[in-house]
Amino acid sequence: MPKLKRLHAGHAPAVLAFELENRAYFAASVPDRGDDFFDKFTDRYGALLAEQEAGICAFYLLVAEDGSVLGRFNLYDLENGTAELGYRVAQHVAGRGVATEAVRELCRLAVARHGLRTLRAGTSRENVASQRVLIKAGFVLVDPAGPADSGGKSGPWYQRDLVLQQ
């Protein structure tokens with residue numbers, strides 16, 4: 001059974017493998033991270049851990065029993081009881097409810113570990129699968145998202161009030 005785990009330094013090789021193995025799949029729905037991301041992965045990973053340590057963000061991985069990463073589930077810009085949610089799952093587990101269940105679990109953790117009351121997530125208009133995940137996880141459509149909010153493309157913002165929907 002996959003488990004949602006807080007990102008730590010020891011996860012770096014599995015995260016890099018996840019990103020490389022799914023690079024083309026992710027690029028089909030969100031802008032590619034670019035070669036620079038992979039060339040400077042160690043530095044970027046260290047920066048993520050520093051942001052997490054500072055309490056600015058909280059990063060989680062969905063980890064399979066064999067230690068491989070099945071997905072990344074992130075809370076960005078934790079402030080005043082709110083945060084933005086971002087996630088991506090491996091191609092070989094997409095469409096199986098894995099993302100929905102992990103987002104639901106992250107909502108529980110957002111309240112219990114981080115004291116959050118509201119999560120927001122933006123998607124591109126074309127990313128229907130991500131929109132379905134959010135709706136199944138209790139998010140509701142609230143606003144249009146601009147290109148800067150949803151991977152370079154316009155789309156909707158979704159929100160979930162965690163205190164009322166625990």
Side-chain angles (χ1 to χ4, degrees), residues 1-22 25-26 29-30 33 44-45 47-124 127-143 145 149-151 155-166:
M1 186 69 137
K3 298 216 185 288
L4 205 56
K5 297 183 178 185
R6 188 91 184 255
L7 185 73
H8 64 70
H11 286 133
V15 171
L16 180 57
F18 167 80
E19 292 290 346
L20 287 167
E21 289 166 11
N22 293 283
Y25 172 66
F26 296 146
S29 60
V30 295
R33 293 185 185 272
R44 178 66 187 129
Y45 196 81
L48 291 176
L49 292 173
E51 287 177 15
Q52 181 169 264
E53 185 66 29
I56 299 166
C57 301
F59 304 109
Y60 290 86
L61 301 175
L62 186 63
V63 180
E65 290 179 19
D66 68 0
S68 64
V69 174
L70 301 176
R72 297 180 70 180
F73 296 83
N74 305 314
L75 300 172
Y76 296 98
D77 301 329
L78 281 73
E79 188 175 353
N80 298 323
T82 66
E84 288 184 26
L85 167 68
Y87 56 90
R88 52 181 51 202
V89 297
Q91 183 174 13
H92 73 278
V93 297
R96 298 183 185 176
V98 171
T100 301
E101 191 51 43
V103 168
R104 286 176 180 151
E105 177 62 19
L106 187 57
C107 288
R108 289 187 283 275
L109 293 172
V111 173
R113 288 189 184 168
H114 307 289
L116 298 174
R117 296 181 308 275
T118 304
L119 293 182
R120 290 177 51 91
T123 71
S124 68
N127 196 344
V128 176
S130 188
Q131 294 169 32
R132 276 195 302 261
V133 166
L134 293 169
I135 291 167
K136 287 179 182 179
F139 285 74
V140 295
L141 180 65
V142 290
D143 295 309
D149 302 316
S150 54
W157 269 111
Y158 289 85
Q159 182 171 306
R160 179 168 169 183
D161 184 331
L162 302 171
V163 175
L164 296 177
Q165 296 183 15
Q166 294 181 39

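In what follows, every heavy atom counts, from backbone to side chain, and hydrogens, waters and symmetry copies are set aside. Along the sequence shown, residues carry numbers from 1.
- Looking at Y158 and V133, their side chains never come closer than 4.5 Å, going by heavy atoms from C-beta outward.
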For residues 9-19, dump all side-chain donor-acceptor pairs below 3.5 Å to protein atoms at least two apart in sequence or in another chain.
from : atom 1 : to  : atom 2 : distance (Å)
H11  : ND1    : H8  : N      : 3.1
H11  : NE2    : H8  : NE2    : 3.3
E19  : OE1    : R33 : NE     : 3.2
E19  : OE1    : R88 : NH1    : 3.0
E19  : OE2    : R72 : NH1    : 2.7

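- Across every non-hydrogen atom of A99 and V89, the tightest pair is CB-CG1, 3.8 Å.
- Taking 4.5 Å as the limit, every side-chain heavy atom of L62 sits out of range of all side-chain heavy atoms of E105.
- Proximity of a side-chain donor or acceptor of Q52 to a complementary backbone N or O of F59 within less than 3.5 Å is detected.
- Taking CH2 from W157 and CG from L141, the interatomic distance works out to 12.0 Å, rounded to the nearest 0.5 Å.
- For the side-chain contact (heavy atoms from CB on, under 4.5 Å) test, residues two or more places apart in sequence or in another chain that qualify with K136 are T100, R104.
- Checked by atom type and distance alone, the side chain of Y60 never pairs as donor or acceptor with a backbone atom of L75 at under 3.5 Å.
- Looking at every heavy atom in both residues, V111 comes nearest to L116 through CG2-O, 3.6 Å.
- Across all non-hydrogen atoms, the minimal contact from A102 to L4 is O-CD2, 3.7 Å.
- Pairs of residues two or more places apart, or lying in two chains, never qualify as side chain to side chain donor-acceptor pair (under 3.5 Å) while including a residue from residues 89-98.
- A heavy-atom distance below 4.5 Å is found between the side chains of L7 and Y45.
- Taking CG from L49 and SG from C57, the interatomic distance works out to 11.5 Å, rounded to the nearest 0.5 Å.
- The salt bridge (Lys or Arg N to Asp or Glu O under 4.0 Å) contacts involving residues 1-11 comprise nothing, where partners must be two or more places apart or lie in separate chains.
- Between D66 and S68, the closest heavy-atom pair is OD1-OG, 2.7 Å.
- Applying the side-chain contact (heavy atoms from CB on, under 4.5 Å) criterion to C107, with sequence neighbours excluded, gives V103, L119, F139, R160, L162.
- Taking OG1 of T82 as the start and NE2 of H114 as the end, the distance is 13.5 Å to the nearest 0.5 Å.
- Going from atom CZ of F73 over to atom CG of L61 covers 9.5 Å, rounded to the nearest 0.5 Å.
- Residues forming a side-chain contact (heavy atoms from CB on, under 4.5 Å) with A47 (at least two apart in sequence, or on another chain): R44.
- Of the inter-residue distances, the one linking T123 atom OG1 with Q131 atom CD reads 4.0 Å to the nearest 0.5 angstrom.
- The backbone N or O of N80 sits less than 3.5 Å from a side-chain atom of R117, completing a donor-acceptor pair.
- Distance OG1/T118 to CD/Q159: 5.5 Å, rounded to 0.5 Å.
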